[in-house]
2 protein chains.
Amino acid sequence: MSILRRNTDYALRAMVNLAGHYGGDVVATRQLSTEEDISYQYAAKIMQLLHAAGLVKSTMGPHGGFSLARPPAEVSLLDIIKAVQGAISLNDCFLDVDACPRRSTCVISAKIAGLQEYIEKSLAGITLAEFATDSMSEQIKLGKEK
Amino acid sequence: MSILRRNTDYALRAMVNLAGHYGGDVVATRQLSTEEDISYQYAAKIMQLLHAAGLVKSTMGPHGGFSLARPPAEVSLLDIIKAVQGAISLNDCFLDVDACPRRSTCVISAKIAGLQEYIEKSLAGITLAEFATDSMSEQIKLGKEK
DNA sequence: GTCATATAGGAGTACTATAGTCCTACTCGG
DNA sequence: CCGAGTAGGACTATAGTACTCCTATATGAC
């Protein structure tokens, strides 16, 4: 099993795509779906989630579409993950205090709390700006493998 | 959603319990199930998984039960997690190379690969020995909260 | 105004994985 | 060699995820 769901993967790709168009035109869901290999219907669903979370702005009507609500440098991976699949937690007891009655004396929870914190900080530290510049430079020096 | 499944949580508790009895008597599944608040049938199932992974030794017949196959210091959290729920992966593409055709040019996968590695190293670094000594000292100075 | 094209969003389905149960087979102490 | 107590395999139910379908709403072009 993987931590990031496919949902989140799609959302990530869509956001990276939008980051590439930041400051320019809006991108329609149809275009996102073809460019990122996501079914149109499902892509629409995901864009709704991102919109509800305030990560993207939407423009309705013909020539409408989506654009980033904030500059790429201010959108972290954690933001996107939270919007789509909710907060990531090592164990249930970090999400719901009442999940486990043994919590107060639990040595396990105490040990992994540090790792939990590190993961969140790492994900919060990676922003869309890094992805965007990377993929741009990749487009320039085309042919470079991996 | 949490990364560690309930399954894994049960297994962790059972292993910590066994670590407390390391060198002494074997512990019966019935005893583990009552002490750790797990249904007997389900506990038996989890012990099977741990046994199949070679983490515990089993003794059948009356007065039988389980004991650690290795000293607590040589059993890591990662070992237990792998035995019960398989390897932890941030994204499917770390588990299955063919999961994503865009892999070679994927900037996302490249970015999170480092975090993936850190998580595994962290989990591999935490051993049962730490839990065992912690819970023992906790039993001695009883009354200490959290 | 109305038509075409876009997002918004609710309802529902198929599938998969997880949690949990039941039953049988096997051991070994008495 | 009996039976209490174990391991271990087969099975079921539930829940969550991925995905689709359909309808409503907004808006720019003609």
List, one per line, each side-chain donor-acceptor pair under 3.5 Å for residues 63-72 of chain B, sequence neighbours excluded.
from: Arg70(B); atom 1: NE; to: Glu74(B); atom 2: O; distance (Å): 3.3
from: Arg70(B); atom 1: NH2; to: Glu74(B); atom 2: O; distance (Å): 3.3
from: Arg70(B); atom 1: NH2; to: Asp79(B); atom 2: OD2; distance (Å): 3.3

Compile the donor-acceptor pairs under 3.5 Å between side chains in residues 42-49 of chain B and protein atoms, sequence neighbours left out, one pair per line.
from: Tyr42(B); atom 1: OH; to: Asn7(B); atom 2: OD1; distance (Å): 3.2

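Comment: Asp9(B) does not engage Arg5(B) in a salt bridge, judged by the lack of any side-chain N to carboxylate O separation of less than 4.0 angstrom.
In this entry the distance linking CD of Gln48(A) with P of dT25(D) reads 15 Å, nearest Å. Residue Met47(B) contributes atom CE, which lies 21 Å from atom P of dC26(C) at whole-angstrom precision. Atom CE in Met60(B) sits roughly 11 Å away from atom P in dG9(D) (whole-Å rounding). Between the CG atom of Leu50(A) and the P atom of dG9(C) there is a distance of 13 Å, rounded to whole Å. With rounding to whole Å, Leu4(B) atom CG is found 14 Å from dT18(C) atom C1'. If you take NE2 of His51(B) and P of dT6(D), they are 15 Å apart, rounded to a whole angstrom. Rounded to whole Å, the distance from NZ on Lys57(A) to C1' on dT27(D) is 18 Å. Between the CD atom of Gln31(B) and the P atom of dA4(D) there is a distance of 21 Å, rounded to whole Å.
Using a 4.0 Å cut-off, some side-chain N or O of Ser58(A) falls inside it from OP1 or OP2 of dA8(C). Here Arg30(B) does not reach the OP1 or OP2 of dG5(D): none of its side-chain N or O atoms lies under 4.0 Å away. Residue Asn7(B) has no polar side-chain atom (N or O) positioned under 4.0 Å from OP1 or OP2 of dT18(C). Phosphate proximity of dT6(D) to Thr29(B): absent, as no side-chain N or O sits under 4.0 Å from OP1 or OP2. At least one side-chain nitrogen or oxygen of Tyr40(A) sits closer than 4.0 Å to the OP1 or OP2 atom of dT7(C).
Remark: Tyr118(A) engages Tyr118(B) in a ring pair (Phe, Tyr, Trp, His ring centres under 6.0 Å) (not counting sequence neighbours). Residues satisfying the side chain to side chain contact (heavy atoms under 4.5 Å, CB included) criterion with Ile80(A), sequence neighbours excluded, are Ala11(A), Leu12(A), Met15(A), Leu50(A), Leu55(A), Val75(A), Leu128(A). Every residue two or more places apart in sequence or in another chain was checked for a side chain to side chain contact (heavy atoms under 4.5 Å, CB included) with Pro62(B), and none qualifies.
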Check the interface with nucleotides 20-22 of chain C: list each N/O to N/O pair with the protein under 3.5 Å, or write none.
from: dG20(C); atom 1: OP1; to: Arg6(B); atom 2: NH1; distance (Å): 2.9
from: dG20(C); atom 1: O6; to: Lys45(B); atom 2: NZ; distance (Å): 2.8
from: dT21(C); atom 1: OP2; to: Ser39(B); atom 2: OG; distance (Å): 3.1
from: dC22(C); atom 1: N4; to: Gln41(B); atom 2: OE1; distance (Å): 3.1

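Considering only the side chain of Pro62(B), dG3(D) comes nearest among dG3(D), dT25(D), dT6(D).
Glu35(B) places a side-chain heavy atom less than 4.5 Å from the side chain of Asn17(B).
As judged by a 4.0 angstrom heavy-atom cut-off over every strand, Ala28(B) is placed among residues touching the sugar-phosphate backbone only.
Residue whose closest nucleotide on DNA chain D sits further toward the 5' end, between Gly61(A) and Thr8(A): Thr8(A). Both Ala44(A) and His63(B) sit near DNA chain C, but only Ala44(A) has its closest nucleotide nearer the 5' end.
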